[in-house]
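Each remark here refers to the structure printed beneath this line.
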Protein chains: 2
Amino acid sequence: MTTIKDLAKMANVSVATVSRVINKSGYVSPELTRRVGQAIAESGYQVNALARSLKTAKTHTIGLIIADISNPFFTSVIRGVEDIAYKHGYNLILCNTDENLEKEKLYLQVLRGKMVDGLIISPAVTKSEGIRELLRRHPNVVFMDRKVEEPEVICARVDNVKGTKMAIDYLLQLGHKDIAIISGPLNVTSGVERYQGYVAALKEAGLEPRLQHTKIGTFRQESGYKLAQELLDLERRPSALFVANNVMTIGALLAIRERGLSIPDDISVVGFDDMDWAVLANPPLTTVAQPTYEMGVKAMELLIRQMHKEKIDQKEILLSPELRVRESCKKIS
Amino acid sequence: MTTIKDLAKMANVSVATVSRVINKSGYVSPELTRRVGQAIAESGYQVNALARSLKTAKTHTIGLIIADISNPFFTSVIRGVEDIAYKHGYNLILCNTDENLEKEKLYLQVLRGKMVDGLIISPAVTKSEGIRELLRRHPNVVFMDRKVEEPEVICARVDNVKGTKMAIDYLLQLGHKDIAIISGPLNVTSGVERYQGYVAALKEAGLEPRLQHTKIGTFRQESGYKLAQELLDLERRPSALFVANNVMTIGALLAIRERGLSIPDDISVVGFDDMDWAVLANPPLTTVAQPTYEMGVKAMELLIRQMHKEKIDQKEILLSPELRVRESCKKIS
DNA sequence: CTGTTAGCGCCTTCAG
DNA sequence: CTGAAGGCGCTAACAG
């Protein structure tokens with residue numbers, strides 16, 4: 001591997017001069033600049049970012065910790081993060097935790113070791129000693145989608161309560177009274193907030209949430225599938241179903257289909273998270289859409305401000321969800 | 001930040017000793033081991049991977065260059081890569097090129113600078129000077145999904161010709177003669193191979209591919225949408241449509257739906273790439289499924305063998321696709 | 001404008 | 001079994 005030392009020899013200058021032309025720091029005469037340039041071209045030199053980072057204490061790398069890359073919600077978010085990161089010259093180390101606390105903890109440690117300039121996290125659970133320690137040790141951390149029970153954290157996410165309320169209110173308006181929920185896990189903020197939105201919306205309408213009709217899932221497809229089955233097997237089957245995320249919705253739709261029931265005649269459905277095929281489903285699915293790409297963008301922008309020590313007036317960005325009414329809910333009397 | 005120097009002072013030993021206990025290299029007396037261990041615990045020490053890598057010339061980081069993270073095909077592949085990488089202690093730097101050659105080139109350079117131990121690439125085009133140079137400079141590169149026109153490259157991908165033939169043969173069997181294709185770009189291997197499979201299948205059946213019925217797209221949804229429109233507007237509308245990837249299929253389905261046509265009565269459709277909602281579509285969509293997760297696993301396993309200098313008997317792994325017949329094609333007479 | 005030099009934090013001979 | 005010292009490749013004073 002060529003080093004600046006080699007270049008210095010080739011161009012017959014000092015390493016400092018080489019460094020200067022590489023970094024365009026300080027003046028170097030045209031002649032020397034040319035010679036160094038030539039040496040670089042001839043050797044195919046590439047600066048060693050490790051050495052540079054060791055010296056400058058900047059890696060231009062950020063860690064991205066999320067639960068599941070294969071979930072389209074996250075990939076869209078990642079896309080937003082990547083676009084902004086690229087624009088500002090940062091690279092992403094991608095860490096998939098699978099909602100596994102151990103894995104999260106290990107990744108946190110590895111990323112700290114790799115001296116990332118910052119981190120974007122979608123934490124596996126609301127309270128984690130690992131993250132608390134991270135917060136103490138690392139100055140640049142932003143949360144995304146989900147947050148953690150600590151004061152003063154910086155975070156970009158969606159208004160889950162509002163989104164869920166929009167969905168439930170819509171169902172209520174259509175005349176539904178027996179609205180079931182397949183909720184996410186209650187130890188992550190997005191899960192608990194959507195559940196709270198559900199409860200709140202019902203109560204505001206003077207309805208009491210039924211234990212029978214509330215199922216707590218894991219945000220996984222199998223979970224949506226299984227819980228939907230339980231709901232469908234109930235003596236008093238709900239007239240409407242709200243599912244708290246995209247992949248559980250797929251599971252639920254599969255279960256409904258398997259039972260030979262039809263939407264919305266037998267049961268109305270609205271899912272949290274829009275999906276690009278929602279309009280192609282049978283029938284087209286009514287959903288609560290999150291601005292996923294934008295969430296990624298905002299998170300990365302927050303992180304960049306934080307890394308640049310700029311003032312952040314709004315520590316918590318709350319994006320607005322949107323109800324996309326299609327044909328999966330019917331009016332009942 | 002705590003360094004081994006600090007630890008050495010705290011434990012009243014030399015840095016060499018600290019290094020030895022951290023890396024479990026060489027014998028250290030129990031007493032000193034204990035003292036060092038305590039110092040580590042008290043200080044919350046974390047080794048600086050930058051410094052270590054600079055010294056050892058190993059980063060335990062690999063670069064992953066793909067076209068589009070938001071495409072479920074790639075995310076499933078990434079998932080496979082990540083799982084294996086994690087198992088072996090490697091981290092992933094994720095690079096999204098957007099099929100953009102400039103971006104790819106820049107990323108290649110950055111990754112080289114960051115001294116990644118290896119690279120997995122899904123190249124934007126078949127022939128690229130940037131990649132040729134990389135191959136010359138970096139010993140550990142494996143291609144995934146798509147490859148590049150160079151001899152001896154290591155690669156994990158699917159048998160695109162076979163997959164496409166399966167789809168076309170199926171349509172042929174159902175009696176279709178006017179089978180259109182929305183192909184991918186012809187400057188990437190997966191695009192051209194699927195196109196070739198289409199042509200070959202037709203010719204073997206004694207049919208001549210019609211220019212009118214072959215549309216060359218970009219693997220993007222808009223492209224599928226627009227080209228499907230063109231096909232549908234033809235005087236002699238094809239009786240069947242093969243779409244060469246997942247997101248173009250979504251576009252095509254959208255166009256068909258918009259025209260008020262029904263599948264399979266007005267037109268039969270089969271798409272390359274299965275999708276988890278394919279069975280929920282209206283009607284359930286017949287597809288050619290790729291073993292995406294497995295592809296990622298194989299690619300990473302190949303890379304690991306390569307990095308470990310193990311012998312690789314099979315440089316090119318060709319995975320088998322599978323036709324999933326559902327309800328989007330009808331028999332015609 | 002250019003060169004010399006001292007580290008960044010770590011690993012690894014080489015002595016002891 | 002332990003310590004001292006050199007160097008990985010680079011940047012940034014500090015001299016000149």
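Naming: A, B, ... by sequence-line order, numbering from 1 per chain. Below, all heavy atoms of this structure are taken into account, side chains as well, without hydrogens, waters or symmetry copies.
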In whole angstrom, give the distance that lies between atom [atom1] of [X] and atom [atom2] of [N].
X: A:Arg34; N: C:dT2; atom1: CZ; atom2: P; value: 13 Å
X: A:Leu54; N: D:dG9; atom1: CG; atom2: P; value: 12 Å
X: A:Glu31; N: C:dG3; atom1: CD; atom2: P; value: 12 Å
X: A:Met115; N: C:dC10; atom1: CE; atom2: P; value: 8 Å
X: B:Met1; N: C:dC8; atom1: CE; atom2: P; value: 10 Å
X: B:Ile22; N: C:dT12; atom1: CD1; atom2: P; value: 12 Å
X: B:Leu7; N: C:dC11; atom1: CG; atom2: P; value: 11 Å
X: A:Lys58; N: D:dG9; atom1: NZ; atom2: P; value: 23 Å

Quick one: which of A:Val148, A:Leu111, A:Leu119 gives a side chain to side chain contact (heavy atoms under 4.5 Å, CB included) with A:Leu134? A:Leu119
Side chain to side chain contact (heavy atoms under 4.5 Å, CB included) with A:Ile121: of A:Val153, A:Leu64, A:Leu108, A:Val142, only one passes, and it is A:Leu108
Output the single nucleotide from [options] whose closest atom is nearest the side chain of [X].
X: A:Val15; options: D:dC1, C:dC10, D:dT11; result: D:dT11
X: B:Thr56; options: C:dA6, C:dC14, C:dC11; result: C:dC11
X: B:Ser29; options: C:dT2, D:dT11, D:dC1; result: D:dC1
X: A:Asn23; options: D:dT11, C:dC11, D:dG3; result: D:dT11
X: A:Arg52; options: C:dG9, D:dT11, D:dG3; result: D:dT11
X: B:Tyr45; options: D:dT2, C:dG9, C:dC10; result: C:dC10
X: A:Lys55; options: C:dT2, D:dG9, D:dT2; result: D:dG9
X: A:Ala16; options: D:dC10, C:dC10, C:dT4; result: C:dT4

Will you find, in the side chains of B:Asn23 and B:Arg52, an N or O donor that is under 3.5 Å from an N or O acceptor?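 Their side chains do contain a donor-acceptor pair, which is all the 3.5 Å distance test asks for.
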Taking atom types as modelled and ignoring hydrogens, do the side chains of B:Lys114 and A:Thr61 form a donor-acceptor contact shorter than 3.5 angstrom?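 Side chains of B:Lys114 and A:Thr61: pair found under 3.5 Å.
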Short side-chain N/O contact to [N] OP1/OP2 from [X], under 4.0 Å:
X: B:Thr3; N: C:dG9; answer: no
X: B:Thr17; N: D:dG3; answer: yes
X: A:Ser14; N: C:dT4; answer: no

Side-chain (A:Arg146) to main-chain (A:Thr189) donor-acceptor, under 3.5 angstrom: no
For B:Gln46 and A:Val28, find the nucleotide of DNA chain C closest to each by heavy atoms; which residue's nucleotide sits nearer the 5' end? A:Val28
Remember a base hit wins even if backbone is also touched, and classify A:Leu32 as base, sugar-phosphate or nothing at under 4.0 Å, heavy atoms.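 Touches sugar-phosphate only.
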Checking A:Arg132 against A:Glu129 for the salt bridge (Lys or Arg N to Asp or Glu O under 4.0 Å) test, could you report, in this order, the C-alpha distance in whole Å, the side-chain angles of both residues, the deciding distance, and whether it holds? CA-CA 5 Å; A:Arg132 182 167 304 144; A:Glu129 188 42 53; 3.4 Å; yes
